[in-house]
Amino acid sequence: MYKIPNQLHDEFSDFTGVLLIGLGFDQRCLTVLSNFPRKGTEEVIGISNVGWSEQNKQNIEKFRELVNSNNSVVGQDAKNIIEVADELSLKLAAIITDSSAELLIDITSLSHELLVLLLGILHELGGLKRTTLMYVGATAYSTNTESNSMWLSRGIKDVRSILGFPGTMLPSKKLHLIILIGFEVERASEVILRYEPSSMSIGLGAKGQSISDSHQSKNKEFFDGITEFASSQDYGTDEVFHFSFSCISHR
């Protein structure tokens, strides 16, 4: 983890390559860009989540002001996730094919689906080995609600597989659902109702491997709530397993 701005500036003072910034609703999406030493940066690219251009229009404008020249925004006018993926794929292919530039990507404000697609594109293009991902953690979420009602997003538009990663589901085989608990309790509950798994595993970030003690404490409350909800369903869930995972390490 880097402390912004001092350690971030020191660590990347000699960076030469392309900086990509996920553009979202809150100020965190511009934190890295605002404090990054861009002396050796060849290009700065903004990535807008599909359908968010109006809501985060102000941050897109601030992005352009901060970069001034040699900037572009991918996905700003896209009508669906496929158009964003196509634009991003073409942009990354040109960078990876035409140069040996390092890629530094701030994923803080990318949607989960776009992040998975981004990793898939980088893998296909052979660019993962020269890519560094950065994330700006929030001190608190949903600060205008009661602690037991925290949320990151509300409402369910649809439930489907991530584009490009459909997996295989066979009606003849039982379904095991794995849930990593965060703050999206409404979405987790809906997935359980839609898929009616025969068994499930519910994961909680380990106390010593969480972003902060306050996040872990709140996640534990949601973990208990989802466990109770899953056990209360009467469609034949045989078993509910529990496990822990790290929120700060991929190993």
Side-chain angles (χ1 to χ4, degrees), residues 22 24 49-51 80-82 85 107-121 123 128 133 135 137-138 140-142 145-251:
N49 297 276
V50 64
N80 54 61
I81 189 69
I82 295 177
I107 64 171
T108 305
S109 295
L110 292 180
S111 69
H112 292 168
E113 182 170 35
L114 188 50
L115 174 58
V116 173
L117 286 171
L118 170 63
L119 294 175
I121 291 169
H123 173 71
L128 276 176
L133 304 179
Y135 181 85
Y141 292 105
S142 192
T145 60
E146 296 294 330
S147 60
N148 61 348
S149 303
M150 292 174 66
W151 56 277
L152 294 184
S153 60
R154 283 179 171 169
I156 309 296
K157 184 177 180 181
D158 59 60
V159 178
R160 57 171 173 77
S161 62
I162 295 174
L163 294 175
F165 300 85
T168 302
M169 292 183 63
L170 300 175
S172 60
K173 292 188 176 182
K174 292 183 177 182
L175 179 66
H176 182 85
L177 178 65
I178 301 174
I179 298 176
L180 305 180
I181 292 295
F183 295 98
E184 300 283 12
V185 176
E186 184 183 22
R187 289 183 175 182
S189 300
E190 185 66 20
V191 168
I192 294 172
L193 291 173
R194 294 280 187 97
Y195 284 96
E196 299 185 352
S198 58
S199 61
M200 69 180 74
S201 294
I202 304 175
L204 173 68
K207 190 173 182 61
Q209 291 288 304
S210 292
I211 300 298
S212 69
D213 288 343
S214 60
H215 285 2
Q216 202 276 340
S217 176
K218 189 52 55 186
N219 291 156
K220 179 62 167 63
E221 290 183 32
F222 294 147
F223 172 86
D224 293 338
I226 287 294
T227 297
E228 183 178 352
F229 174 80
S231 300
S232 70
Q233 301 307 300
D234 58 2
Y235 48 72
T237 299
D238 298 326
E239 297 174 294
V240 177
F241 303 96
H242 295 152
F243 68 96
S244 62
F245 63 93
S246 173
C247 300
I248 59 177
S249 174
H250 66 281
R251 296 179 181 178

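Position 1 is the first residue of the sequence, and the numbers go up from there.
- Not a single side chain to side chain donor-acceptor pair (under 3.5 Å) links Q216 to another residue, sequence neighbours left out.
- Residues forming a side chain to side chain contact (heavy atoms under 4.5 Å, CB included) with T108 (at least two apart in sequence, or on another chain): R28, D106, Y135, V136.
- N49 places a side-chain N or O within donor-acceptor distance of the main-chain N or O of S109, the cut-off being under 3.5 Å.
- When the ring-ring contact (aromatic ring centres under 6.0 Å, His included) test is applied to H242, the partners found at least two apart in sequence or on another chain are F223.
- Under the rule for a side chain to side chain donor-acceptor pair (under 3.5 Å), S244 has no partner lying at least two apart in sequence or in another chain.
- With values rounded to the nearest 0.5 angstrom, N219 atom CG is found 11.0 Å from K207 atom NZ.
- Listed here is the closest heavy atom pair of L110 and G22: CD2-CA, 3.7 Å.
- The side chain to side chain contact (heavy atoms under 4.5 Å, CB included) check on S217 picks up nothing, with sequence neighbours excluded.
- Smallest separation of non-hydrogen atoms from G182 and F222: O-CD1, 3.3 Å.
- Atom CD1 of residue I226 and atom CD1 of residue I202 lie 7.0 Å apart, to the nearest 0.5 angstrom.
- Residue pairs meeting the salt bridge (Lys or Arg N to Asp or Glu O under 4.0 Å) criterion with at least one member in residues 222-232, sequence neighbours excluded: K220-D224.
- Taking CG of L114 as the reference point, atom CD1 of I81 lies at 4.5 Å (rounded to 0.5 Å).
- Every residue two or more places apart in sequence or in another chain that forms a side chain to side chain contact (heavy atoms under 4.5 Å, CB included) with F245 is listed here: L180, F243, C247.
- Minimum heavy-atom separation, I192 to P197: O-CD, 3.6 Å.
- The CG atom of L177 sits 4.5 Å away from the CD1 atom of I179 when rounded to the nearest 0.5 Å.
- Distance check: T227 OG1 to L204 CG gives 9.0 Å after rounding to the nearest 0.5 Å.
- Every side chain to side chain contact (heavy atoms under 4.5 Å, CB included) that V159 has, sequence neighbours left out, goes to I156, E190, V191, R194, Y195.
- Summarising the geometry of E113 relative to S161, their closest heavy-atom pair is OE2-O, 4.4 Å, with the distance given to 0.1 Å.
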